Amino acid sequence: MLVLGIESSCDETSAAVVSDGPHILSNVVASQIALHRPYGGVVPELASRHHLELINTVVTDALREAGVTLDQIEGVAATCGPGLASSLLIGLTFGKSLALARNLPFIGINHMEAHLISPWLSAGRAFEPNVSLIVSGGHTMLVHVRAVGDHTVLGQTTDDAAGEAFDKVAKLLGLGYPGGPEVEKAARDGNPAAIPFPRGKLNDPDFDFSFSGIKTAVLYWLRKQEKKSVASSQKSEDGGPSSTSPTLHSSLFTLHSPSLSDLCASFQQAVVDVLVGKAIAAALAMRVRFVTVSGGVACNGALRDQLATACRRHGIELLMADRKLCTDNAGMIAGLGWHKLRAGLRSPHGLDAQPNLRLG
Ligand code: KG4
Ligand code: ZN
């Protein structure tokens, strides 16, 4: 069964074709990162306008790359939530219209549920029960997945998502957007033990997360550094930095140790410790053989390395989505759509976008 998948929940316009397996034949992603970069975050009006401009081309490219024609497509899947309402509407309406016009079965897909299957698509393996860590800019959650469509959310963030913490810390430091890759780059030569940032909820018995404390600790640490910097420049009467800027500038680090890379490495280590610790604890509690990971933050090299080491130590198999399948993409939408359509599930053509759709 050839399934066309469409994703437009946030700032990526994407279309993909899967064949039986499911096996990804094409996965075209048009990123809007450059468009939103000047604003330091996604601007919903701009995002939806660009989805509208791009959707036709992206779907056409996905069909061409897969080497199939529209006539060969046997089912359509599109993200119906969660996400930005005005963005979701573009892909969902396109998908439903196509299915209606072509008399094809249609299924609306929960974006978060699709993240659960992307590591399996990457590995090309048959699905097995697992604990799945989803870490993105909007979500951080641990899910016990017994089978496709049968899952329980074990825990999630009670405040900021892990990616959101990376983005906010990058903004504080005057690094670029999106913040995760920038912080990772800056952390490369840093000492992860330089600053003992808090590991929110790491030792709590539940599987929830909290990342706002780490972000605030970074802010306070920077303010302290700024005070020290102002005091020392007043002492030397050389007219150094004189005012508190809303974005604490990285030039502070030229005056004091630890360095910017030490700060980034220490922040990243605190986030990674919590993600790895909680994922392993959940896998042991659920007695599963597999831990899987997806979402934008799963592109982070330190997270990937340390999760691999921890899983090895506990005899757990780790499946990580390839980087292209970690971030938002229609391959995972088409893949989950394939499972659901093949099981006979269908959505009504009146299905609406559900910005706050939950998992489970
Ligand atoms: O899954 P995603 O592409 O979009 C959603 O949020 O749904 O994730 C984007 C998030 C952003 O917060 C970004 O900063 C973070 O993933 N991210 C990373 C890395 N690459 C992307 N965080 C840490 N390290 C990275 N290498
Ligand atoms: Zn996502």
Side-chain angles (χ1 to χ4, degrees), residues 5-14 16 27 29-33 36-37 40-42 44 47 79-84 87-88 91 109-119 121 132-141 143 156-157 160-173 175-188 190 192 209 211 214-215 264-265 267-276 292-307 320-333 335-336 355 357-359:
I6 298 172
E7 154 68 29
S8 71
S9 63
C10 189
D11 61 340
E12 260 103 20
T13 320
S14 182
N27 191 9
V29 181
S31 170
Q32 300 181 6
I33 283 179
H36 300 283
R37 185 169 283 129
V42 177
T79 307
C80 59
L84 299 168
S87 286
L88 285 165
I109 296 292
N110 182 324
H111 177 94
M112 303 312 294
E113 192 181 353
H115 270 301
L116 297 178
I117 78 149
S118 54
L121 289 169
S132 192
L133 173 67
I134 305 177
V135 263
S136 69
H139 298 88
T140 301
M141 54 171 68
V143 188
Q156 53 196 315
T157 185
D160 292 347
E164 193 179 352
F166 269 97
D167 293 338
K168 286 177 175 173
V169 165
K171 211 168 192 172
L172 279 175
L173 295 170
L175 300 175
Y177 166 86
E182 298 298 327
V183 171
E184 181 177 16
K185 220 187 297 162
R188 202 160 291 149
F209 298 91
F211 293 105
I214 304 180
K215 172 203 69 193
C264 288
F267 162 76
Q268 180 174 268
Q269 189 58 51
V271 174
V272 167
D273 278 352
V274 174
L275 294 174
V276 172
T292 71
V293 200
S294 76
V297 183
C299 293
N300 185 280
L303 176 61
R304 295 176 85 88
D305 290 349
Q306 291 175 46
L307 207 44
M320 290 187 280
D322 292 342
R323 283 180 166 82
K324 190 172 179 192
L325 283 171
C326 277
T327 49
D328 291 347
N329 70 92
M332 64 183 191
I333 306 301
L336 181 58
L357 186 62
R358 285 168 165 271
L359 194 56

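By convention here, the first residue in the shown sequence is residue 1. The structure displayed is predicted, hence computed values, not measured ones. Atoms within each ligand, like the ligands themselves, are counted from 1 in listed order.
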Smallest separation among heavy atoms of L121 and G331, with atom names
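Closest heavy-atom pair between L121 and G331: CD1-O, 3.6 Å.
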
Check S294 against A321 and note the closest heavy-atom contact, atom names and distance.
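In this case the closest contact between S294 and A321 is CB-CB, 4.1 Å.
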
Pairwise side-chain contact, [X] with [Y], heavy-atom cut-off 4.5 Å (strictly under):
X: K324; Y: V29; result: yes
X: E113; Y: I109; result: no
X: S14; Y: N27; result: yes
X: N300; Y: V135; result: no

Under a 4.0 Å heavy-atom cut-off, which residues neighbour ligand 1?
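Residues near ligand 1: S136, G137, G138, G163, F166, D167, P178, G179, G180, P181, E184, G295, G296, V297, C299, N300, T327, D328.
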
Would you find more than 12 non-hydrogen atoms of other residues, nucleotides or ligands less than 6.0 Å from R358 atom CZ?
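Open: at most 12 neighbouring heavy atoms sit under 6.0 Å from CZ of R358.
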
What protein N, O or S atoms come within a distance below 2.8 Å of the Zn ion (ligand 2), ordered by chain and number?
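Listed by chain and number: H111 NE2, H115 NE2, D328 OD1.
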
Residues F267, F166; criterion ring pair (Phe, Tyr, Trp, His ring centres under 6.0 Å); working and verdict:
CA-CA 9 Å; F267 162 76; F166 269 97; 5.1 Å; yes

Take the angle between the ring planes of H115 and H111 and call it parallel below 30°, perpendicular above 60°, tilted in between.
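Plane angle over 60°, so perpendicular.
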
